[in-house]
Structures are given as C-alpha cells and as structure tokens.
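A quick write-up on the structure given underneath.
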Amino acid sequence: MTSERYNARESEPKWQAKWEAAKTFATRNDDPRPKYYVLEMFPYPSGRIHMGHVRNYTMGDVVARTMRARGHNVLHPMGWDAFGLPAENAAIERKVAPKAWTYDNIAAMKKQLQTMGLSLDWAREFATCDPSYYKHQQKMFLDFLKVGLAEREKRKLNWDPVDMTVLANEQVIDGRGWRSGAVVEQREMNQWVFKITKYAPELLSALDTLDRWPDKVRLMQRNWIGRSEGLLVRFALDPKTTPAGETELQVFTTRPDTLFGAKFMAIAGDHPLAQAAAAKNPKLAEFIAEIKRTGTAQEIIDTAEKQGFDTGIRAVHPFDPSWSIPVYVANFVLMEYGTGAIFGCPAHDQRDLDFVNKYKLGNTPVVCPEGQDPSTFVITDVAYDGEGRMINSRFLDGMTIAEAKEEVASRLERETRGNAPVAERKVNFRLRDWGISRQRYWGCPIPVIHCPKCDVVPVPDKDLPVTLPEDVSFDKPGNALDHHPTWKHVTCPQCGGKAVRETDTMDTFVDSSWYFARFTDPWNETAPTTLPVVNRMLPVDQYIGGVEHAILHLLYSRFFTRAMKATGHVGLDEPFRGMFTQGMVVHETYRKADGHFASPAEVVITADGDARKATLLDGGGPVEIGPIEKMSKSKRNTVDPDDIIGTYGADTARWFMLSDSPPDRDVIWSEEGVKGASRFVQRLWRMVNDAAELAGAAPAARPESFGPEALALRKASHGALDKVLSGIERLAFNVSLAHIREFSNTLGDVLAKADKPSPDLAWAIREAAGILVQLFYPMMPHLAEESWQVLGQQGFVSDAQWPQIERDLLVEDSITLPVQVNGKKRAEVTVPRAAANSEIEAAVLALDAVRQALDGKPVRKVIVVPQRIVNVVG
Ligand code: ANZ
Ligand code: ZN
C-alpha cells in the first residue's frame, strides 16, 4: 500500500505543462475524424474568474475530454467578450485606459483558467476588442447593409438634458441620468438596426428543430418573438370630430370576437392622429409630453397607472353606423406595436378595465364562462379572459370565441369601404428590430462616414478596420469618441469633401453573435470565416452557459448566423445544435455581530447538523449562519477559485462542482463538501496504487476464462463504463459521478480481500483499475494522468481511447417473468437467466399467488415461453 499522499499542487502544474508542450488539445481543421464542437459561453474579462466560471468550464471540459477519448476531433476553444461599459468605468474611476485594463484582466484570468487544467485549444484564443476580430465584424456590418439587413432608423433614446448626452438603458436609474441625476427625456435619433424581424417567422418555426435545447429556453424565445394572429380593422372616424378631416383609424386586435364589448379607442401619444390633434389642443400636447417622460420600457408601462386623454374624436363601430366610440390618447398604447391604436374591450382585458374604471366608461361582458348565467354575469374589477360563449353580441351570440373570431373576420374582410376591405387578417410579431447603436467608446466602431453631400457612406474595405483611438479622455460626460479632437474628422471617400465618422459603436451583443464561427478559423486575415472549415466545424454540438443569456444572446446568434448565410459567410442556419443552461453556485451567508457580512474565508465552522456553529477566525467572535444565496460580492459569500485550487487542487474543485447537484440546478458550495471531494481524491490514489501492486501478478494475455470473483468485478467495471458514459451523454454529471463512486467502492472491496489474487482476478483488477482511471479522467484529468503512469500505461491518458464496453457483461444474471394463471396475470417470478424449464415450473408452482388463483384445482399444464412468460393452466 502506498503511504504517499497525492500531491495536487505538484502534479497539476506538471501535467498542464506537459499537455501544453505536447499540444495535446490543439485541434486541426483537417483532422479526418468526425468533429465535435464543445463551447462554453466566453467570459467577460472582469479581472478574476468566479465559481460560476469554474462550474461552467468544468462541465464543458468533461464533455470535451470524453468526446475526444471517444474518437472525435474535438474543438474546444476559449476567448474573451472584451468590449463593454466596465472598462470605461474603470477609466473614469481609476484613470486606466480601457484597453490596458481589458488586456491586463485577460492576462490575469487566463492564468487562473490555466490552473483548472481545461482541455482548451489556446491557439485559437482571441478577444472581441482585437482589431483583427472586429475588422471582420465591420466587414459583415457593411455586407448586411448592402443586402438590407442593416438599416438606419429613427428610434427613441434616453437623453440626459444636463450632461447633453444619450444614455444607455442601464445608465437610467429611476428615470434619471446616472451621473447628472437629471430627469431623462426621450429623443428621436437616427440609429442603426439589424433587421432581425425579417427572420421572425423562421426564428420561431426553427425552434421546433432544436430538440437538444431545454424546453424552457425554447419557450422563452417563443414568447420573446411573440407571434399573434389577429385582425387589422379599419374603423371609420366621424370627420366632423377629427383635426384635419381624417376618416379612419386602423387597429390591430387579437380579439375581434369582443367587438360588441368595445367602450373606447386608444392611440399612442406619437400616433399621427394624436400628433395632429395635439397641434390644435395645447392641453393634449401637454398630456402627451407628460406620458412621454415615463419612457417606453415595457416594465414601466405595465406597472404605471393607466392614463388617458379624450381627444374629442369619435369612431364608428364597424357593425353599427349609429354607434359612436370615443378616441383617447393613452399611455399604455405603444406606437411600436401593431398600428399604435386599439379598441378597448374592458370586460375581457385588464388594462382596458382599469382604464374604463378610472374614466367611468363602463363595461359590457361579451363572453360568458361555462356555468354562469348570462343574465346575471357582471364584471367589476377583474377582467375575464377565459373561454366561454358569446353574449350581448347580436349575431355572434351563442358562438364560441373561436367561432366568433372567424365570423367577424370573414364578415369584415368581405365588406369594403373606399374599394378596400374593412379588415384583413394579420400575423404580428412582438420582436423588434435589433438596435445596435451605442453611444460609447469601448465597442466596435460602426464603419460608416457621414458626408453632408453624400449622406451615409460605407468605409471602403481597404480602410478596415476602423480602429478605436487610444488617446481618449473620459473627463467629459458622453461618448469619448465624440470628444476626440481628430478621430472623427475625415474626408469623404466618395466626394473627397469634409465628413465625419459615425461615433456610435456596436452593441456588445454583436461581438458575441458570431465568435463561435470565428473560432473555427481565427487565423483567416482576409475574411470572417473560411467557408469549407466553418461549414465542417459548425454547428456547435454542445453549448453551455447561463440561463441569463437564454433569450437575447441566443436569439441574436441565431439571427446573425442566418444573416451571415445570406451574405455568404456560413452555410447553415442554426449555430447551436445542443444547448445546456447550468445552475448557479450558491453559498451560505455569514453575519457578524455588527450586522456586516463576513466572507467564508473569515469564518470557522465547527460541529455538524444542529450543533453546527460559525465563529470568526480572527478573535472567535460570534457569527450568525444565514440563508444560502447566489454567490455575490455584496453578500460577501463568494469563494475564490484561486484559494480552492491552491489548497485542494483543481481536480478536487472540479469533482465537487459536479458531484452534488444536477447540473441545471443550483449547487451549494461548502467547505465540508470540498473536503469530502479531497478525501475521495486520496482514496482513489491509494486504490490505484494498491491495484497496480496486485495487478503485477496478472498475465499479459487475457485469460481464457474467469472465476466468479473475477467475473463479478468485470461486470462491475463494464457496468460502470456503460452508466458513466450514458450519464455524461445526457449531461447528468452528478449521476455519472455517483456511479464512479459506487464502482470505486466495489473495486475497494475486492482489493481489500484479494491478498494473493489468482491470475484471472489479477487481470480483472488491472482492467478495473484502468477503467476506473479512464472514468474519472474527464473530471479529474491530473490525478488520472498520474494514475495512468502508476498503472504502467504508456503516453497520456488524455490520448487514450475510451475503453471498449463488452456488452455481454452487461446482461443481468437473473430474469423476471410474468406468470399467468388461466390467461390472467397473477404474479411474477425471478429465476436465473439460464434456469431450465423444470426449475422455472417448480418456482412458479411454489408461488402463493399462483396457488390462490388455482383455488385447489389441479394443474393441468405449465407452459414456459423462454425469456418471455409462464402460463399455468388449471
Ligand atoms: C381588443 C381586445 C379585446 C384586445 C380584448 C385584447 C383583449 P398580443 O397578443 O400581444 O399581440 N394592442 C394592440 N396593439 C397595441 C399597442 N400598440 N399597444 C398596446 N396594446 C396593443 O396583443 C394584442 C392585443 O393587444 C390587441 O388585441 C390589442 O387589444 C392590444 F378583450 O384588441 B386587443
Ligand atoms: Zn461625400
């Protein structure tokens, strides 16, 4: 037995250096084996890795190492999502240049990541702020512009009237500018958008093909795209009441069945009709200015009190010329959706109900739920949006909602006014085009030039990349690119006159929408991708990341891939075949007597269970153990990966990360848990050494036959192989780890008993130890390499093929058969698989249930259908 402890601190850097020297994880694009692309969402270079990264990258690494061992050409790259606001904040607060700050952080985090022993191909590393990356992004922007997938559009922006600058949404706090504290206004300005809406139907329908995505993520995408089927209805207006003789108002409705419950119409403040009316009515103009101030963010609109202003305009009901309906301007109607105008049916829509209750417009229910009496059914302050039959609706009465919708649609589309049908069926999407302009310095410059004569002029290809200037100052509010003395002043590439560069930069979501494609050939200097390569290496077979990116990042990437296809940069639509969202890392919180939080590193825990107690490491003061929460700086319940890896080693951290919880759930990080994992590492180490000693007696050639002990061990080995692999394939890592533990217990028992093993058992022990090492290799690669050597194997375990499963060893020894008595199932019998019919017969007739069913009658016949069923005839 070895008395030496496994020393992770010595072993881990040693193997990392050997892998690097041997280029073990370098991936060749021309490798003929089937490819497998594993990707974890690349990190933002904040400066330090956190436990969430450790969990994310460990999972990806297990998949990558397993698929590699199984004969795939695995692509497993890493890079940096390096643009963004924190670099500018650091520049403002600490006077460091965003570029220097970013690259310093990258260097520090790379060092940390390397201590984790990840099987990454670092040769493909890049940061999105490298001009060699964003150059291609600029090229693709111009390609998109050519085919109409990028456009300029007027959009509302947050304007800080004190700092005289545009603010990003996250810079608006409670409606005020983050620096000035001034009340933010909405201003219309020209913005660049990507036309994601062109793909809305396809982005929705293709979700059905993504069967290796979590259902919840697909549902979130579906809701975000928000397809609804409805009707565009042209309401006639009473021209006597309109500001300039306007004659109609078009609305979008998904509930045309409720037309007879209409109590008002409402239009957005920036609807042309509202604008025209406001021009003649200062009070209305004032009202519109006021509702504009609250902004158009969905959350604000949903929670703000419903407000309206009666314009005096009157609309006419499409089924009754004598029915006049008031037209309001309302704060809950958005110009950006549908037509910016609605009819309100308060009985069946909560917003509309809140509105009429405030303005005393009344309501009439038109859908009556099953089991309610139509004559007494009333709505007071809760709208009814469920199923039912139509009431108070003339020719619709008695119909279901669906029938009524159809009836209204077909009547109104047949009816015409001024040569056009009064209504048409319409599918609407909630999805908006993707506004990518950001008024920030640290982002990818949008490669266009504004010329007073030629308007918008694309930067010629030969002038790409448009690089960011480095001599920038952040002492003024607003975009540092704007204030730069020279950067934006250029000559127009078309007319040679004076012109200025676009100073907006791209949303950082653009950077992360195609990095997975760039990883396939980051060396290509002339194009974003190399077609034959990108088409072979994509899609990403397994993508792993946080659920916080389940909507925007994934949707933008799906759009971008399609746009790249349309412009000839890839040949596929869907970038991620398999998607997995991992849970968070959570930890207990600790509070000191003075109410402040203490970090886990400052606390000692004693005793277990109810007696568990925490005290301060320094001075022993009392500490209250608080709830388990997501690791965060504010709660001080973070654990530094450096500390854990330095103390226990990366293998222990990796093992513990995977062992306790299903990977899509939260995992509770605890000192006790890590210690348990660390003990397990030592146990495996002793076991491998013991096995190596006993296996010394094994013959080189596989024995002809195996005795019962050896056979039992071999069954355990191959059973474990089977179960551990299927766990990894399903990403049920915790299940795989439990099977590894169970198998190690079996092997431990055999080793404890086998003093001088027979040759066949010694052979089975050697086989079992090899399999054990290969099974824990994906999770604990350093320990596995060290163990591989102890077992006398050549080369790296990292280069070893996954062991072949002998399927006949997986067959169960016993079999359970159903037993019928006179054609009715009465019992089951478990017998050795190889049992003779006479043995089965005897076992069946001895069953109580069979004797009872026979009820004293003699047995006439027993029919055994081998491996299937037993029939007793009485
Ligand atoms: C009448 C009605 C009656 C409606 C009723 C609903 C319930 P989705 O499903 O999200 O597409 N709507 C249309 N355009 C709007 C806008 N620009 N701002 C605010 N609301 C708008 O929602 C469609 C429904 O949302 C439409 O159907 C319309 O109100 C409202 F019992 O028309 B409905
Ligand atoms: Zn020009």
Side-chain angles (χ1 to χ4, degrees), residues 200 222-233 235 249-271 273-274 291 296-298 300-302 304 306-308 315 317-318 325 328-356 363-367 379 382-388 390 392-393 396 401 404-405 408-409 423 425-432 448-460 489-501:
R222 214 164 267 141
N223 291 340
W224 189 262
I225 298 168
R227 179 183 191 276
S228 42
E229 282 178 15
L231 204 61
L232 278 177
V233 184
F235 277 70
L249 179 63
Q250 196 171 44
V251 306
F252 174 70
T253 176
T254 48
R255 295 293 305 272
D257 54 302
T258 65
L259 257 178
F260 289 103
K263 292 291 167 191
F264 66 95
M265 317 278 297
I267 57 181
D270 32 12
H271 191 284
L273 186 62
I291 59 174
T296 52
Q298 193 67 48
I300 302 178
I301 289 162
D302 290 345
K306 309 287 167 282
Q307 288 184 63
H317 195 281
I325 309 172
Y328 281 72
V329 170
N331 65 343
F332 63 89
V333 181
L334 304 172
M335 196 56 218
E336 288 74 26
Y337 189 67
T339 62
I342 65 161
F343 80 83
C345 173
H348 305 291
D349 182 289
Q350 193 60 46
R351 284 175 319 183
D352 296 351
L353 186 61
D354 295 344
F355 189 80
V356 294
N363 79 71
T364 307
V366 291
V367 178
I379 298 282
V382 181
Y384 177 70
D385 61 6
E387 286 299 325
M390 302 310 298
N392 303 323
S393 295
L396 300 175
I401 292 176
K405 280 183 180 170
V408 169
R425 293 173 212 252
K426 164 102 181 159
V427 173
N428 238 323
F429 289 89
R430 196 152 279 282
L431 185 66
R432 296 282 72 115
V448 299
I449 289 164
H450 299 280
C451 169
K453 277 195 222 130
C454 322
D455 199 17
V456 173
V457 181
V459 172
H489 301 287
V490 288
T491 51
C492 171
Q494 248 166 51
C495 69
K498 274 193 181 167
V500 288
R501 286 192 188 287

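Order of appearance sets the numbers: ligands from 1, and atoms from 1 within every ligand.
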Kindly state whether the ring of F355 and the ring of F264 have centres lying under 6.0 angstrom apart.
-> yes
Centroid-centroid under 6.0 Å between H317 and F260 rings | yes
Of all heavy-atom pairs between H271 and G340, which one has the smallest distance, and what is that distance?
-> CD2-O, 3.5 Å
Any idea which protein heavy atom is nearest [atom], and the distance to it?
atom	answer
atom 30 (C) of ligand 1	R351 NH2, 3.6 Å
atom 31 (F) of ligand 1	H348 O, 3.2 Å
atom 23 (C) of ligand 1	T254 OG1, 3.5 Å
atom 32 (O) of ligand 1	T253 OG1, 2.7 Å
atom 17 (N) of ligand 1	L334 O, 2.6 Å
atom 6 (C) of ligand 1	D349 OD2, 3.5 Å

Residue-level breakdown please: for [X] versus ligand 1, do any non-hydrogen atoms fall below 4.0 Å on the side chain, on the backbone, on both, or on neither?
X	result
T258	side chain
I342	side chain
F332	backbone
R430	side chain
M335	neither

At a 4.0 Å threshold, what atoms of ligand 1 neighbour a non-hydrogen atom of [X]?
X	result
S228	8 (P), 9 (O), 11 (O)
V333	16 (C), 17 (N), 18 (N), 19 (C)
F343	1 (C), 32 (O)
F252	11 (O), 13 (C), 26 (C), 28 (C)

Close side-chain approach of [X] and [Y], heavy atoms under 4.5 Å:
X	Y	result
M265	V251	yes
V366	L259	no
F332	D354	no
V333	I267	no
H489	V500	yes
R501	V459	yes

Side-chain donor-acceptor pair present, T364, K263, cut-off under 3.5 Å = yes
Compute the shortest N/O to N/O distance between Y337 and ligand 1 and return yes if it is under 3.5 Å, no if not.
-> yes
Vertex the Zn ion (ligand 2), arms to C451 SG and C495 SG, rounded to 10° = 100°
Which of V408, D349, V367 passes side-chain contact (heavy atoms from CB on, under 4.5 Å) with R255? It is V367
